[in-house]
K.L.:
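The structure is given below, and queries will be raised subsequently.
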Amino acid sequence: MAKVLNNLKPQPLWDIFEDICSVPHPSKHEKKLAEFVIDFAKKNGIEATNDQVGNVILRKPATPGKENLKGVIMQSHLDMVPQKNSDVSHDFEKDPIKPRIEGEWIKATGTTLGADNGIGMAASLAVMAAKDIEHGPLECLITVDEETGMTGAFELKPGLLKGDILLNLDSEDHGELFIGCAGGINTAAKLPFKKEPADKSMASFNLVVKGLKGGHSGLDINLGRGNANKIINRILFEGANKYGLRVAEINGGTLRNAIPREAFATVAVPANQKDAFVKFTKEFEKTLKIELATTDKEVVVLLENTNLPDAVMDLQSQQKYLNAVYACPNGVFGMSADMPGLVETSNNLAIVKSENNNVCFETLQRSSIESQKEDVAAAVKSVFTLAGAEVVQSGSYPGWKPNVNSPILSTMKSVYNKLYGDNPKINAVHAGLECGLLGSVYPNLDMISFGPTIRSPHSPDERVNIESVGKFFDYLVETLKNI
């Protein structure tokens, strides 16, 4: 593929990022990219190894005269979130990401870009390969499976890393330093249903909710964007109560850490209620556009005629499933009293899907307070338990408690002021950075997270600001010089 980012600065970083884009690396399928990183290290004379779970660790000695400085670990992750628009043909396990320049931004073509966390990875590799950057002892830790389970961070063993300071390169607002993050837990449920033959006299439709922005279930949860699973359930719920609607299939959302943008259902309604149901969906779309005029004005509700399915859910199962989705909390639960504007606790109703005579649900609860995380997780579990579902909770990970007296925070505030004549914002983030887990394994690490400006991560609208990438890299380099 011809290079399209070859006239951007800093050129080494953009060259590496474009190479990263050319290697498929969705979560759980990062082996080829890990091999690329190991090969890159060998070509540049950098020590490189994999640990038992597939994390990549690189090491580079200090530049002469800097041997006594504290060691720094630059940390990023290998995997990207595989999201695409429904009208785009793309196999994330085989096809390269196609970046393009669009004004001041880099975007992909109908898919996620992988700037989260490809830019952070590219920055650390560019530093490791450079011959003209002053630094103390350096390590890179590039983890696997951050986006779907933080497997690499969970499985990291004590004693592998030697550094004293960890720079997490996985934040998405240039000019902000993040010193804390939320913890999270997954709650999955499986609700069995029985089937019964569809009444041959019924009319059948494919119901589609699309056009929503979606986004990161932590960073974007406070923006008031529509959740496709919640929206389509409102239509199904009302349709069942007023028009005798029956559900044959449901499929909404794709990833537990992405706000669902699209949802699809196959339904049947009595023939004498067909026109009334069609009218209702048209009116409901107008209502949605009013409700979401500021946050999701492109929302669309489509109703298409289709062949009548052989079977539908039995009525009792359907009622349990629709009531459970309606009752399941979604969105922001509470805001932080200590950091204005920071979401403290939330839930994302990420996936609702019928398969093998079960409706399967996946949700993700987040909170910067452990007890609140457990509380909202118990609330979600209770909803599905009351409906008669089998509920499993997994993947619980801790948050990262802010340390306002952190030495690296002091250093980076000073460096930022010298570079830009201003002070960085100090913040915490309502997302699951790996710092919480890494800090539990290496409790003496002094940690901070920063990055370039990335918008709409975890969605096909993902984009990274070109100018901010240059500033981010300069900031990283100057920080290493001033440890």
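Since the model is a prediction, treat every value here as computed from it, not as a measurement.
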K.L.:
Would the number of heavy atoms belonging to other residues, nucleotides or ligands and lying under 6.0 Å from CG of Asn68 be above 12?
P.N.:
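Counting neighbours around CG of Asn68, 12 or fewer heavy atoms of other residues, nucleotides or ligands fall under 6.0 Å, so no.
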K.L.:
For Thr111, check side chain to side chain donor-acceptor pair (under 3.5 Å) against everything at least two apart and list the hits.
P.N.:
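Listed in chain order: nothing, the list is empty.
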K.L.:
Thr363 and Gln365: side-chain donor and acceptor closer than 3.5 Å?
P.N.:
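Checked: Thr363/Gln365 side chains pair up, N/O donor to acceptor below 3.5 Å.
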K.L.:
Can you check side-chain contact (heavy atoms from CB on, under 4.5 Å) on Lys418 and Glu478, steps first, answer last?
P.N.:
CA-CA 10 Å; Lys418 289 178 182 178; Glu478 288 302 312; over 6 Å; no
K.L.:
Between Phe36 and Phe40, how do the two ring planes meet: parallel, tilted or perpendicular, split at 30° and 60°?
P.N.:
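Correct class here is tilted.
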K.L.:
When you measure from the side chain of Asn222 to the backbone of Val343, do you find a donor-acceptor pair of N or O atoms at a distance under 3.5 Å?
P.N.:
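Looks like no, no N/O pair under 3.5 Å.
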K.L.:
Would you give the length of the straight line joining atom OG1 of Thr112 to atom CG of Asn85, rounded to the nearest 0.5 angstrom?
P.N.:
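Rounded to the nearest 0.5 Å, the OG1-CG separation comes out at 10.0 Å.
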K.L.:
Going by distance alone, is a donor N or O of one side chain under 3.5 Å from an acceptor N or O of the other, for Ser27 and Glu147?
P.N.:
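The criterion, which ignores hydrogens and geometry beyond distance, is not satisfied for Glu147 and Ser27.
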K.L.:
Please check if the number of heavy atoms outside Lys381 that lie under 6.0 Å from its NZ is greater than 12.
P.N.:
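No - once you tally the heavy atoms of other residues, nucleotides and ligands closer than 6.0 Å, there are 12 at most.
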K.L.:
Is there a side-chain contact (heavy atoms from CB on, under 4.5 Å) between Asn257 and His458 once you walk through the steps?
P.N.:
CA-CA 8 Å; Asn257 56 357; His458 298 193; 3.6 Å; yes
K.L.:
Roughly how far apart are Asp95 CG and Ser89 OG, rounded to 0.5 Å?
P.N.:
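Here the rounded value is 7.0 Å.
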K.L.:
Between Leu78 and Val37, is there a side-chain heavy-atom distance shorter than 4.5 Å?
P.N.:
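Val37 reaches Leu78 side chain to side chain.
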K.L.:
I'd like to know if Asp220 and Arg225 make a salt bridge, using a cut-off of under 4.0 Å between side-chain N and carboxylate O.
P.N.:
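Yes, this pair counts.
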K.L.:
Is there a donor-acceptor contact under 3.5 Å from the side chain of Glu462 to the main chain of Ile454?
P.N.:
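Side chain of Glu462 to backbone of Ile454: no pair is present.
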K.L.:
Spell out, as yes or no, whether a donor-acceptor pair under 3.5 Å connects the side chain of Asp170 to the backbone of Asn117.
P.N.:
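Here the side-chain-to-backbone pair does not exist.
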K.L.:
Rounded to the nearest 0.5 Å, what separation is found between the CZ atom of Arg463 and the OG atom of Ser456?
P.N.:
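One gets 4.5 Å once the value is rounded to the nearest 0.5 Å.
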K.L.:
In the structure I gave you, are the side-chain heavy atoms of Val376 and Ser346 within less than 4.5 Å of one another anywhere?
P.N.:
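No - every pair of side-chain heavy atoms lies 4.5 Å or more apart.
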K.L.:
What is the minimum heavy-atom distance between Leu167 and Ile408, and which atoms define it?
P.N.:
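Leu167 and Ile408 have their closest heavy atoms at CD2-CG1, 4.0 Å.
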K.L.:
So, for Asn168 and Ser449, which heavy atoms are closest and what is the spacing to 0.1 Å?
P.N.:
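Nearest heavy atoms, Asn168 then Ser449: OD1-OG, 2.7 Å.
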K.L.:
Applying ring pair (Phe, Tyr, Trp, His ring centres under 6.0 Å), can you list everything that pairs with Phe361, at least two apart in sequence or on another chain?
P.N.:
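Partners of Phe361 by the ring pair (Phe, Tyr, Trp, His ring centres under 6.0 Å) criterion, ordered by chain and then number, come out as Phe384.
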K.L.:
So, using ring pair (Phe, Tyr, Trp, His ring centres under 6.0 Å) as the criterion, who are the partners of His90 when residues are at least two apart?
P.N.:
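Result, ring pair (Phe, Tyr, Trp, His ring centres under 6.0 Å) vs His90: Phe92.
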K.L.:
Using a strict threshold of under 4.0 Å (side-chain N to carboxylate O), is an ion pair present between Arg455 and Asp116?
P.N.:
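Answer for the salt bridge query: no.
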K.L.:
Please table the atom pairs, donor to acceptor, closer than 3.5 Å between any side-chain atom in residues 130-139 and protein atoms at least two apart or in another chain.
P.N.:
unit_1: Glu139; atom_1: OE1; unit_2: Lys162; atom_2: N; d: 3.1
unit_1: Glu139; atom_1: OE1; unit_2: Gly163; atom_2: N; d: 2.8
unit_1: Glu139; atom_1: OE2; unit_2: Arg59; atom_2: NE; d: 3.1
unit_1: Glu139; atom_1: OE2; unit_2: Lys162; atom_2: N; d: 3.1

K.L.:
With side chains defined as the heavy atoms from C-beta onward, is the minimum distance between Glu104 and Glu467 less than 4.5 Å?
P.N.:
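Result no, sub-4.5 Å side-chain heavy-atom pair not found.
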K.L.:
Can you tell me if Arg256 uses its side chain to pair, donor with acceptor, with the backbone of Ile351 under 3.5 Å?
P.N.:
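Flag not set: sc Arg256 to bb Ile351 has no pair under 3.5 Å.
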K.L.:
Could you pull out the closest heavy-atom pair between Leu169 and Ser124, with the gap in Å?
P.N.:
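For Leu169 and Ser124, the tightest heavy-atom pair comes out as CD1-CB, 4.0 Å.
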K.L.:
Going from NZ on Lys353 to NZ on Lys190, what distance comes out if it is rounded to the nearest 0.5 angstrom?
P.N.:
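Here the rounded value is 12.5 Å.
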K.L.:
Return yes if some donor-acceptor pair links the side-chain N/O of Asp145 with the main-chain N/O of Asp79 below 3.5 Å, else return no.
P.N.:
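Judged by distance alone, no pair lies under 3.5 Å.
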K.L.:
Can you check whether Asn229's main-chain N or O pairs, donor with acceptor, with Asn227's side chain at less than 3.5 Å?
P.N.:
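Pair found, side chain donor or acceptor close to backbone of Asn229.
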K.L.:
Do Leu219 and Val429 have side chains that get closer than 4.5 Å, going by heavy atoms?
P.N.:
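Counting from C-beta outward, Leu219 and Val429 do come under 4.5 Å.
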K.L.:
Determine whether a donor-acceptor pair (N or O, by modelled atom type, separation under 3.5 Å) exists between the side chain of Thr143 and the backbone of Asn55.
P.N.:
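Such a contact is absent between Thr143 side chain and Asn55 backbone.
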K.L.:
Given 3.5 Å as the limit, does a donor-acceptor pair link the side chain of Gln372 with the main chain of Glu370, or not?
P.N.:
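Side chain of Gln372 to backbone of Glu370, a donor-acceptor pair under 3.5 Å: no, none is there.
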K.L.:
Could you walk me through whether Ser171 and Glu176 pass the side-chain contact (heavy atoms from CB on, under 4.5 Å) test, one step at a time?
P.N.:
CA-CA 9 Å; Ser171 291; Glu176 296 191 32; over 6 Å; no
K.L.:
Just checking, any donor-acceptor pair under 3.5 angstrom between side chains of Thr187 and Gln393?
P.N.:
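Yes.
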K.L.:
Distance check, rounded to the nearest 0.5 Å: Thr345 atom OG1 versus Arg366 atom CZ?
P.N.:
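With rounding to 0.5 Å, OG1 (Thr345) is 12.0 Å from CZ (Arg366).
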K.L.:
Check this for me, if you would: do Lys413 and Asp422 make a salt bridge, where the nitrogen-to-carboxylate-oxygen distance has to be below 4.0 angstrom?
P.N.:
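Salt bridge flag = no for Asp422 with Lys413.
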K.L.:
Is Met121 close to Leu33 at the side-chain level, that is, under 4.5 Å between some pair of heavy atoms?
P.N.:
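Yes, their side chains come closer than 4.5 Å.
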K.L.:
Do you know which two heavy atoms are closest between Val4 and Pro99, and how far apart they sit?
P.N.:
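Closest approach of Val4 to Pro99, heavy atoms only: CG2-O, 3.3 Å.
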K.L.:
Is there side-chain contact between Thr453 and Lys471, with heavy atoms separated by less than 4.5 Å?
P.N.:
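A side-chain contact under 4.5 Å is absent here.
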K.L.:
Tell me the closest heavy-atom pair linking Ala48 and Leu58, and the distance in Å.
P.N.:
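For Ala48 versus Leu58, the nearest heavy atoms are CB-CD2, 3.3 Å.
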K.L.:
Between Trp14 (side chain only) and Asn6 (backbone N and O only), is there a donor and an acceptor less than 3.5 Å apart?
P.N.:
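No; zero donor-acceptor contacts below 3.5 Å.
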K.L.:
Is there a donor-acceptor pair closer than 3.5 Å between any side-chain N or O of Thr295 and the backbone N or O of Gly224?
P.N.:
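Yes, Thr295 side chain to Gly224 backbone: donor-acceptor pair under 3.5 Å.
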K.L.:
Report yes if the side chains of Leu141 and Leu160 come closer than 4.5 Å at any heavy-atom pair, otherwise no.
P.N.:
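Heavy-atom side-chain distance check fails, nothing below 4.5 Å.
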K.L.:
Among Tyr475, Tyr416, Phe473, which residue satisfies the ring-ring contact (aromatic ring centres under 6.0 Å, His included) criterion with Phe450?
P.N.:
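When Tyr475, Tyr416, Phe473 are each tested with Phe450, the ring-ring contact (aromatic ring centres under 6.0 Å, His included) holds only for Tyr475.
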K.L.:
Evaluate the criterion side-chain contact (heavy atoms from CB on, under 4.5 Å) for residue pair Met447 and Gln75; output intermediate values, then yes/no.
P.N.:
CA-CA 10 Å; Met447 300 186 292; Gln75 193 261 318; over 6 Å; no
K.L.:
Taking C-beta and beyond as the side chain, do Ile179 and Ile448 meet within less than 4.5 Å on heavy atoms?
P.N.:
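In contact.
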K.L.:
Working to the nearest 0.5 Å, report the span between CG of Leu113 and CD1 of Ile97.
P.N.:
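Separation between the atoms: 7.5 Å.
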K.L.:
Among all residues two or more places apart in sequence or in another chain, which pass the ring pair (Phe, Tyr, Trp, His ring centres under 6.0 Å) test with Phe178?
P.N.:
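Not a single residue meets the ring pair (Phe, Tyr, Trp, His ring centres under 6.0 Å) criterion with Phe178.
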K.L.:
The test is salt bridge (Lys or Arg N to Asp or Glu O under 4.0 Å); show your working for Glu35 and Lys32 and say whether it passes.
P.N.:
CA-CA 5 Å; Glu35 292 171 351; Lys32 289 182 180 178; over 6 Å; no
K.L.:
Considering residues at least two apart in sequence or located in another chain, which fulfil the side chain to side chain contact (heavy atoms under 4.5 Å, CB included) criterion with Ile101?
P.N.:
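Ile101: side chain to side chain contact (heavy atoms under 4.5 Å, CB included) contacts with Leu5, Leu8, Ile106, Ile466.
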